[in-house]
Amino acid sequence: MKYLLNASQMKRADEYTTGRLRIPSLELMERAAAGCVDHMEESGLDLTNVCVVCGTGNNGGDGFAAARMLTEKGHRVTAVLCGEEEHCTKETKEQIKRLRQTGAAITTEFREDSYSVVIDALFGVGLNREIEGKRRELIDAMNRSGGFKLAVDIPSGVCADSGAVMGTAFRADATVTFQEMKLGMELYPGKEYAGKTVTVNIGIDTSEIKKEKDAAFTYECGEYKSLLPVRRADSNKGTYGRVLVIAGSRGMSGAAYLNARAAYTAGAGLVQIYTSEDNRVILQTQLPQAIIRTYDFYDEVELLKLLNWADVVSVGSGIGTSDKSRKILRTVMENVEVPCVIDADGLNLIADHKKYLDRLRHENFIFTPHMKEMSRMTGKDIPQLRARRIEILREFAEEYSVTCVLKDARTVTMPAGGHPYVNLSGNASMAKAGSGDVLAGIIAGLLAQGLDLTDAAVLGTYLHGRAGELASRDKGSYSVMASDLIEYTGRAMKEEEDR
């Protein structure tokens, strides 16, 4: 498990380490600089002409310490101070002093040149304002300058909390970050500015911070295998659960097909589709494994029977927002007794009828909105969601006691009362119609096999994203279809099974 911490969390961990554990800031600075230098040497970078651009805060101190270490190793180093020396922190002033003792000169003007390496140590994770004026011009000049670009802890200008670019940002080829990965370096667009990332342990104690429910995490390669449902030799289709897929209005049979086939591929034992009568023939042809039940009009008695049959329900994909669809959704929300995934039009109906949220019968609901759907449900615009996604997701999940899977380039799963999980799998090939229908089906199929809501959402989003990676590897970035994601979900599951 890997944690992705934000600026305030790292600040509190740093204060705990220096205050309670009494490890001097200067010592942490030395370790950070050594980690950067070690990484550069291990990576085989050309260190014949290095420029280190430093700010007045402790990030700048890390940079000056790295400049000193490189100088002591015989490398040619240009150190640039952006700001007034009297405004530097105590630790940074000490690092400037130590660098000068090597005979190295410190300049206050960055000369745009062809360096072998440009090191960004301007601003650390604490940056909370737009970069303007001379500092913006400086970062733009650093980006234009020749040489390998290395950021210290986080690229200057990237928000450690949201990944937003604050006016401008240093575009790194690699970033050496300290102790824990920063959340904003895994969210977009920050991810694109961080380049290749490496995390160096410098002794900051983050153990208490990780216990806080707002501390985001992700899993590392190989850890997803433990979440896979167990397949027993002595079993039958009833062992792996019955999924009721309520999807597809007239002309939207594809949503029902993708839902149901994805649930089967994820391992569900039996899938029944409840859909518009218009979709019967095509679904029976496309997916003969599924049971098909259809409707011409709202039939509460029939729907209640189906809800009683199911071990898991997935509702909303392609059902439309008609009055008939609204009645179906309301009946499900008021009567379902088993885990229930609500997707797509189900969420749009909720956005128009928020009173339905007060009628949830239990806490076994998973909502799978994309950004626009989440915006409609919360009344927050998309820029607000991107800037405060963890906070807004937390508030929503806890107010309504649901697990929320917010789909984006980095999908975040927020269980009520739990830690936010950030999914790192997936790619741009998945930006196609029907991709969300597949995800809802995968999660429903995992729930049917007994996974709890959090594990089903976490494993489902990972497998969905991994399927996109495997599919694009074979088909390219442009040609992956939603139906391909289902096929490659099976391959992703086998990949984990074989680890």
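From a predicted model like this one, the values you see are computed outputs, not experimental measurements.
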Exercise. Assess whether salt bridge (Lys or Arg N to Asp or Glu O under 4.0 Å) is satisfied between R12 and E15, documenting all intermediate values.
Key: CA-CA 5 Å; R12 282 182 278 116; E15 290 172 347; over 6 Å; no

Practice problem: Verify side chain to side chain contact (heavy atoms under 4.5 Å, CB included) between K354 and Y400, making sure each step is shown before the conclusion. | Solution: CA-CA 11 Å; K354 293 188 174 66; Y400 299 110; 5.7 Å; no

Exercise. State, with a plain yes or no, whether a side-chain heavy atom of Y298 is found less than 4.5 Å away from one of R330.
Key: yes

Quiz item: Could D343 and K407 be called an ion pair, given the rule that one side-chain N must be under 4.0 Å from one carboxylate O?
Solution: yes

Quiz prompt | Cation-pi geometry met for R491 and Y488 (6.0 Å, 45°) | solution = yes

Quiz item: In terms of side-chain heavy atoms, does R326 have a donor or acceptor partner in Y356 at a distance below 3.5 Å?
Solution: yes

Exercise. Using a cut-off of 6.0 Å, state whether more than 12 heavy atoms not belonging to M481 lie near its atom CE.
Key: no

Quiz item: With sequence neighbours left out, what residues match A13 under side-chain contact (heavy atoms from CB on, under 4.5 Å)?
Solution: I204, T206, I209

Quiz item: Any side-chain donor paired with an acceptor under 3.5 Å for D205 and S207?
Solution: yes

Quiz item: Among R388, R394, R389, whose salt bridge (Lys or Arg N to Asp or Glu O under 4.0 Å) with E391 holds?
Solution: R388

Quiz item: Do F367 and V341 have side-chain heavy atoms sitting under 4.5 Å apart?
Solution: no

Quiz item: Any side-chain donor paired with an acceptor under 3.5 Å for H464 and S425?
Solution: no

Practice problem: Would you tell me whether N423 and T411 have side-chain atoms, one donor and one acceptor, within less than 3.5 Å of each other? | Solution: no

Practice problem: Quick one: pull up CG in N364 and SG in C340 and give me the separation to the nearest 0.5 Å. | Solution: 9.5 Å

Quiz item: When rounded to the nearest 0.5 angstrom, what is the spacing between CG in D153 and NZ in K182?
Solution: 4.0 Å

Self-check item: Value rounded to 0.5 Å, distance of CZ in F396 from CG in L357
Solution: 5.0 Å

Self-check item: Steps toward side chain to side chain contact (heavy atoms under 4.5 Å, CB included) verdict (L360, S401)
Solution: CA-CA 9 Å; L360 299 178; S401 297; over 6 Å; no

Exercise. For a side chain to side chain contact (heavy atoms under 4.5 Å, CB included) with I246, tell me which candidate from L306, T275, L303 qualifies.
Key: L303

Quiz item: Does the T177 side chain pair with the main chain of T199, one donor and one acceptor, at a distance under 3.5 Å?
Solution: no

Practice problem: Examine distances only and state if a side-chain atom of R242 and a backbone atom of G269 form a donor-acceptor pair shorter than 3.5 Å. | Solution: no

Quiz item: Who passes ring-ring contact (aromatic ring centres under 6.0 Å, His included) against F217, sequence neighbours left out?
Solution: Y219, Y421

Quiz item: CE of M374 to CG of L347: how many Å apart, nearest 0.5 Å?
Solution: 9.5 Å

Quiz item: More than 12 heavy atoms of other residues, nucleotides or ligands under 6.0 Å from CZ of R499: is that the case?
Solution: yes

Quiz item: Is the NZ or CZ atom of R231 both under 6.0 Å from the centre of the six-membered ring of Y240 and within 45° of that ring's axis?
Solution: yes

Self-check item: Donor-acceptor contact present, side-chain E130 to main-chain G167, <3.5 Å
Solution: yes

Quiz item: Taking atom CE of M1 and atom CD of E220, what is their separation to the nearest 0.5 Å?
Solution: 10.0 Å

Quiz item: Cut-off 3.5 Å, side chains only: do Y16 and R20 have a donor facing an acceptor?
Solution: no

Exercise. Kindly indicate whether the side chain of L393, heavy atoms from C-beta on, has any atom under 4.5 Å from the side chain of P420.
Key: no

Exercise. Report the distance from atom OG1 of T175 to atom NE2 of H39, rounding to the nearest 0.5 Å.
Key: 9.0 Å

Quiz item: What's the verdict on salt bridge (Lys or Arg N to Asp or Glu O under 4.0 Å) for R144 and D140, showing C-alpha distance, side-chain angles and the deciding distance?
Solution: CA-CA 6 Å; R144 289 192 302 267; D140 292 342; 5.3 Å; no

Quiz item: Going through the distances and angles, do T454 and D452 end up as a side chain to side chain donor-acceptor pair (under 3.5 Å)?
Solution: CA-CA 6 Å; T454 300; D452 65 28; 4.7 Å; no

Exercise. Flag yes if more than 12 heavy atoms outside I282 fall under 6.0 Å of its CD1 atom; otherwise flag no.
Key: no

